[in-house]
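Naming: A, B, ... by sequence-line order, numbering from 1 per chain. Every value quoted in this text rests on a predicted model; they were computed, and no experiment measured them.
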Amino acid sequence: MRVMHVLKTVSKAAPTSLHRSASKTSTRGRKSPVQRATAGAITITHADRVVYPGESITKGDVAAYYQRVMTSLLPNVVKRPLSVIRCPEGARNTCFFQKHPMGGLHHVGTIELKEEKGSLATYMYAKNASSILELVQFGAMEFHVWSTRIDRLETTDRVVFDLDPSPRVTWERIVAAARLLKVQLDELELTSFVRTSGGKGLHVVLPVNPACSWDLVKDFSHAIATRMATGQPQEFVDTASKTKRAGKIYVDYLRNTRGATSIANYSLRTRKNAPVATPLRWEELSKIEGGDAFTIRSLPRRLSRLRKDPWENIDSVKQTLSAAMKKLEVGA
DNA sequence: GAATACA
DNA sequence: TGTATTCAACGCATA
DNA sequence: TATGCG
Ligand SMILES: [Mn+2]
Ligand SMILES: [Mn+2]
């Protein structure tokens, strides 16, 4: 069984189905009945190729995973500039970060946008399930999004605090860091959300609605990061240097700049056990084992168990940074 | 993984 | 037709 | 200007 057809989603209510074809010769010569019958579907070639060697997880498993989580993945991905990490020969071989579209894509949106140097470049964005699955066919494993939307690139609707621990920081300290951050945001009357990164750390994310300037989210998140690093210098740093980070947690506020990306909810990571960046309820943090607690194996079970996405209401929250920013300036 | 160059 | 080669990012901060 | 970093 070496090719697989992944059908387009018909509607949110109807789950997608997945067809496997055992035919190896059908791809040669005239189009086979199978290919013709699945017009509009995405073909996954080399579905049996092992892409996570330690776990014997195949490219077909990755496609099936993304199909399974699709209705949860898409809301926070669609119509946002999208980059991928591709590993055409598996997570243990050469992987690369890709932001520009490659030849052969038919279901991925493209947008010309101005880069920092002033020139235009073409970026990708997901339009629907087919966009994601086509990128999987091209070897995409991880999905990274901008904190903005393609129809209003100069404003942002997210603040992302990326808590990046040095290797020896314990999980308990990372959880404490996220909770401390939440308390500070609560005091500023800002609602925040938390997710595992799929790596070692956590992300704390707040919606900004209506969307605001890049300058404002950067200044705000920088001010918070600096306050944490100043208040508890034994625990936090606000610069990326690994040397200065030793034994501490880097509060990475630089996700909050035009062109920066963050891992998308429900994206896999190219790490051992195929972990998933997983949105959580704050109350769950006490029983989570680590930033890689949910994996390609366990996440679908979690999804079946939950009645709604923990971040379901993120875009219903109306809040801005202006009042909070003023309080910070006064307190500084 | 796909496009290209070449045997 | 088969096989080898090449390519697939960018912006910020710091030193 | 050249890395380190995500
Ligand atoms: Mn991180
Ligand atoms: Mn290859």
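Between A:Phe193 and A:His203, the ring center distance fails the sub-6.0 Å criterion.
Residue A:Thr239 places its side chain closer to C:dT14 than to any other of C:dC10, D:dC5, C:dT14. Taking only side-chain atoms of A:Phe96, from C-beta outward, the nucleotide of D:dC5, C:dC10, C:dA8 with the closest atom is C:dA8. Here the side chain of A:Lys218 is nearest to one of C:dA13, D:dG6, C:dG11, namely C:dA13. Comparing D:dC5, C:dA13, C:dG11 against the side chain of A:Tyr253 picks out C:dA13 as the nearest. The side chain of A:Ala240 lies closest to D:dC5, out of C:dC12, C:dC10, D:dC5. Nearest nucleotide to the side chain of A:Glu115, out of C:dG11, C:dA15, D:dG6: C:dG11. Of the candidate nucleotides C:dG11, C:dC12, B:dA2, B:dA2 has the atom nearest to the side chain of A:Gln137. Which of C:dA15, C:dA8, C:dG11 sits closest to the side chain of A:Lys244 comes down to C:dA15.
D:dC5 and C:dA8: their P atoms are spaced 24 Å apart (whole Å). Nucleotides C:dC7 and D:dG6, compared at atom C1', are 22 Å apart to the nearest Å.
For the pair A:His100 and C:dC10, the criterion of a side-chain N or O lying under 4.0 Å from OP1 or OP2 is met. Between A:Arg245 and D:dG6 there is a side-chain polar atom (N or O) within less than 4.0 angstrom of OP1 or OP2. Here A:Lys117 does not reach the OP1 or OP2 of C:dG11: none of its side-chain N or O atoms lies under 4.0 Å away.
Of the charged side-chain nitrogens involved, none lies within less than 4.0 Å of a carboxylate oxygen, so that A:Lys218 and A:Asp215 do not count as a salt-bridged pair.
A straight line from CD1 of A:Ile85 to C1' of D:dC5 spans 14 Å, rounded to a whole angstrom. Taking atom CG of A:Asn256 as the reference point, atom C1' of C:dA13 lies 15 Å away to the nearest angstrom. Remark: P of C:dA9 and CZ of A:Arg86 are 9 Å apart, rounded to the nearest angstrom. Atom OH of A:Tyr250 and atom P of D:dG4 are 16 Å apart (whole Å). Taking atom CD on A:Gln98 and atom P on C:dC10, their separation rounds to 11 Å, with Å as the unit. Going from atom CG of A:Leu163 over to atom P of D:dC5 covers 18 Å, rounded to whole Å. Taking atom CD1 on A:Ile249 and atom C1' on D:dG6, their separation rounds to 17 Å, with Å as the unit. Taking atom NE2 of residue A:His144 and atom P of nucleotide C:dA9, one finds them 14 Å apart after rounding to whole Å.
Among the atoms of the strands shown, only primed sugar atoms or phosphate atoms (P, OP1, OP2) are found under 4.0 Å from some heavy atom of A:Gly104. Note on A:Phe138: only backbone sugar-phosphate atoms sit closer than 4.0 angstrom, heavy atoms only; bases stay farther off.
DNA chain C is contacted by both A:Thr261 and A:Leu254; A:Thr261 maps to the nucleotide lying nearer its 5′ end (nearest heavy atom per residue). Nearer the 5' end of DNA chain C, as judged by each residue's closest nucleotide, is the contact made by A:Ala260, out of A:Ala260 and A:Asp238.
A:Ser241 and A:Thr239 are not linked by any side-chain donor-acceptor pair at a separation below 3.5 angstrom, with hydrogens and angles left out of the test.
A cation-pi arrangement is present between A:Arg302 and A:Phe294, with the terminal nitrogen or guanidinium carbon under 6.0 Å from the aromatic centre and inside a 45° cone about the axis.
Contact check for A:Val194 versus A:Lys182: no side-chain heavy atoms found under the 4.5 Å cut-off. Side-chain contact between A:Asp164 and A:Ile249 is absent, with no heavy-atom pair separated by less than 4.5 Å.
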